[in-house]
There are 2 protein chains.
Amino acid sequence: MLERTDGVVLERAGRKRGETRERLLDLAERAVLEKGFAATSIDELIVAAGITKSGFFYHFRDKGELAKALLTRYLERDEVILDDLFDRAAELHEDPLHRFLIALKLFAEMLADLPGAHPGCLAASYCYQDTLFSQEIRDLNAAGVRAWRARFRGHLAEIAALHPPRIPVDLDVLADMAATLVEGGIMVSRVLRDGAILPKQILAYRDHIRLLFLREH
Amino acid sequence: MLERTDGVVLERAGRKRGETRERLLDLAERAVLEKGFAATSIDELIVAAGITKSGFFYHFRDKGELAKALLTRYLERDEVILDDLFDRAAELHEDPLHRFLIALKLFAEMLADLPGAHPGCLAASYCYQDTLFSQEIRDLNAAGVRAWRARFRGHLAEIAALHPPRIPVDLDVLADMAATLVEGGIMVSRVLRDGAILPKQILAYRDHIRLLFLREH
DNA sequence: CCGAAACTGTACCCGTGGTACAGCGCCGGC
DNA sequence: GCCGGCGCTGTACCACGGGTACAGTTTCGG
């Protein structure tokens with residue numbers, strides 16, 4: 001909104017454009033992952049952000065718009081992290097199988113290095129409260145999961161073309177297994193308060209890929 | 001409470017003991033899985049159950065007691081289903097590996113036969129709203145996940161003793177993988193509105209177990 | 001110094017969780 | 001046949017949170 005027609009983006013000193021909005025999103029994301037969207041009150045957010053209720057409704061038309069902004073930002077960040085991960089892996093090996101195995105190792109390390117455990121997945125949180133949200137938000141969430149499937153399926157197709165699998169596999173199922181283990185791993189890690197579970201599950205997925213496609217051993 | 005000291009349980013005709021309470025639990029479970037605990041109002045439950053607010057608070061001291069009763073009942077049913085599954089599998093084969101593979105097949109079939117998709121896991125729902133609940137409830141939830149680990153680890157230990165794994169594996173991780181794929185599979189199935197994803201993930205777990213322990217092929 | 005962005009302040013409505021009782025109908029036991 | 005208690009109903013009331021409405025204020029860049 002502050003971007004002029006010539007593309008120059010205006011910024012402010014004290015109250016920078018989007019600064020308070022981002023702070024609200026940060027606070028909301030943390031709270032939603034802890035207790036869910038319905039239990040996250042606008043009141044607690046504005047107190048923590050140091051603004052008033054009117055200030056909140058200046059940034060978001062209603063709570064639903066906050067929900068949408070939250071998920072959109074989350075999914076965008078997710079994409080960036082995975083892009084970066086697979087880009088780094090691509091630099092380390094030529095073969096798609098080994099690239100994939102390296103990426104999974106990097107992913108597991110990244111998850112293991114998180115301070116404490118993984119804070120939780122917004123997509124999963126929304127999933128268990130989905131009738132609270134508009135169809136648009138549910139569709140956004142579904143698109144996010146489908147993006148994971150497409151990404152992993154792409155890598156797996158490349159792998160399978162060069163390394164025939166030991167047993168017949170459905171690449172979509174194998175691709176979904178990544179998202180499934182991440183979502184499940186976050187949940188189990190959280191419930192058992194053991195941050196190590198999630199990265200270990202990623203490495204178990206890596207073992208499965210190795211057993212399926214790797215001829216050595 | 002209606003059980004006398006001699007152990008005889010009293011029942012009533014119209015308003016049978018526990019009947020309304022069970023109805024409330026059924027309604028609450030469905031609602032909680034759809035929109036989360038915080039968004040499930042006592043009011044909607046009593047309207048659906050055909051009682052008054054006072055009636056609700058006769059059965060449950062507060063909403064927290066409802067939450068606890070809900071989870072307890074859910075976890076108990078869970079145990080019964082899995083016990084039955086592994087008992088049936090045990091009747092069909094002697095070898096622990098084949099028993100396990102049969103049980104996973106039965107499990108996948110059971111999940112595939114559910115009308116629509118899996119309605120959701122209460123443990124996962126609670127996990128993403130955990131600061132709403134008492135420590136007692138969080139502990140109950142953790143105990144439930146640990147019970148899954150112990151059950152699967154027990155089977156896997158028997159298997160590993162007879163069938164040395166192709167590569168070194170941590171049996172706890174492999175055991176957790178079951179709960180992880182179930183939780184993640186329910187979530188992904190739900191988000192993509194495709195009930196087939198969950199059973200397929202169970203069969204993918206079965207493939208992983210086969211690749212790890214089965215010598216043939 | 002103008003205008004717009006980024007708020008504040010006030011007032012008000014409704015739904016929901018929760019408390020506190022008092023009362024009532026029905027059924028089983030004695 | 002009546003007493004007691006289970007399983008409710010009815011009424012009244014409170015605080016808090018989401019949400020609406022809208023007028024006014026500060027701050028800063030151009």
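Residue numbering restarts at 1 for every chain, and letters A, B, ... go by the order of the sequence lines.
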Thr20(A) vs dC7(C): side-chain N/O to OP1/OP2 distance below 4.0 Å: yes
Any His59(A) side-chain nitrogen or oxygen under 4.0 Å from OP1 or OP2 of dC7(C): yes
Sugar-phosphate only, base, or nothing, as touched by Gly50(B) at under 4.0 Å among non-hydrogen atoms: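 Gly50(B): backbone/sugar contact only, no base atoms under 4.0 Å.
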How many Å lie between [atom1] on [X] and [atom2] on [N], as a whole number?
X         : N       : atom1 : atom2 : answer
Glu44(A)  : dC16(D) : CD    : C1'   : 13 Å
Phe57(A)  : dG9(C)  : CZ    : P     : 16 Å
Glu22(B)  : dG7(D)  : CD    : P     : 13 Å
Leu45(A)  : dG18(D) : CG    : P     : 8 Å
Phe60(A)  : dC7(C)  : CZ    : C1'   : 14 Å
Leu132(A) : dG19(D) : CG    : C1'   : 16 Å
Ile46(A)  : dA6(C)  : CD1   : C1'   : 15 Å
Arg61(B)  : dG18(C) : CZ    : C1'   : 14 Å

Option from Arg30(B), Lys53(B), Lys35(B) for which salt bridge (Lys or Arg N to Asp or Glu O under 4.0 Å) with Glu44(B) holds: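 Between Glu44(B) and the candidates, salt bridge (Lys or Arg N to Asp or Glu O under 4.0 Å) is satisfied uniquely by Lys35(B).
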Go through [options] for me and flag the one nearest to the [X] side chain.
X        : options                  : answer
Ile51(B) : dC8(D), dG19(D), dT16(C) : dC8(D)
Lys63(B) : dG17(C), dT8(C), dT20(D) : dG17(C)
Tyr58(B) : dC7(C), dC6(D), dA21(D)  : dC6(D)
Thr52(B) : dG17(D), dG9(C), dT9(D)  : dT9(D)

Cationic N near anionic O, under 4.0 Å, Glu158(A) to Arg99(A): no
Lys/Arg-Asp/Glu bridge criterion (N-O < 4.0 Å) met for Arg210(B), Asp207(B):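 Salt bridge between Arg210(B) and Asp207(B), a charged N being under 4.0 Å from a carboxylate O: yes.
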Base dG10(D) to side chain Lys53(B), donor-acceptor N/O within 3.5 Å cut-off: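 Answer no: no donor N or O sits under 3.5 Å from an acceptor.
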Ser54(A) (side chain) and dG9(C) (base): donor-acceptor pair under 3.5 Å: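 When only heavy-atom distances are counted, Ser54(A) does reach the base of dG9(C) through a donor-acceptor pair under 3.5 Å.
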Phe152(B)-Phe86(B) aromatic ring centre distance below 6.0 Å: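 Aromatic pair counts; centres sit under 6.0 Å.
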Geometric cation-pi criterion, Arg190(B) with Tyr128(A): 6.0 Å, 45°: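 Output yes; distance and angle both within limits.
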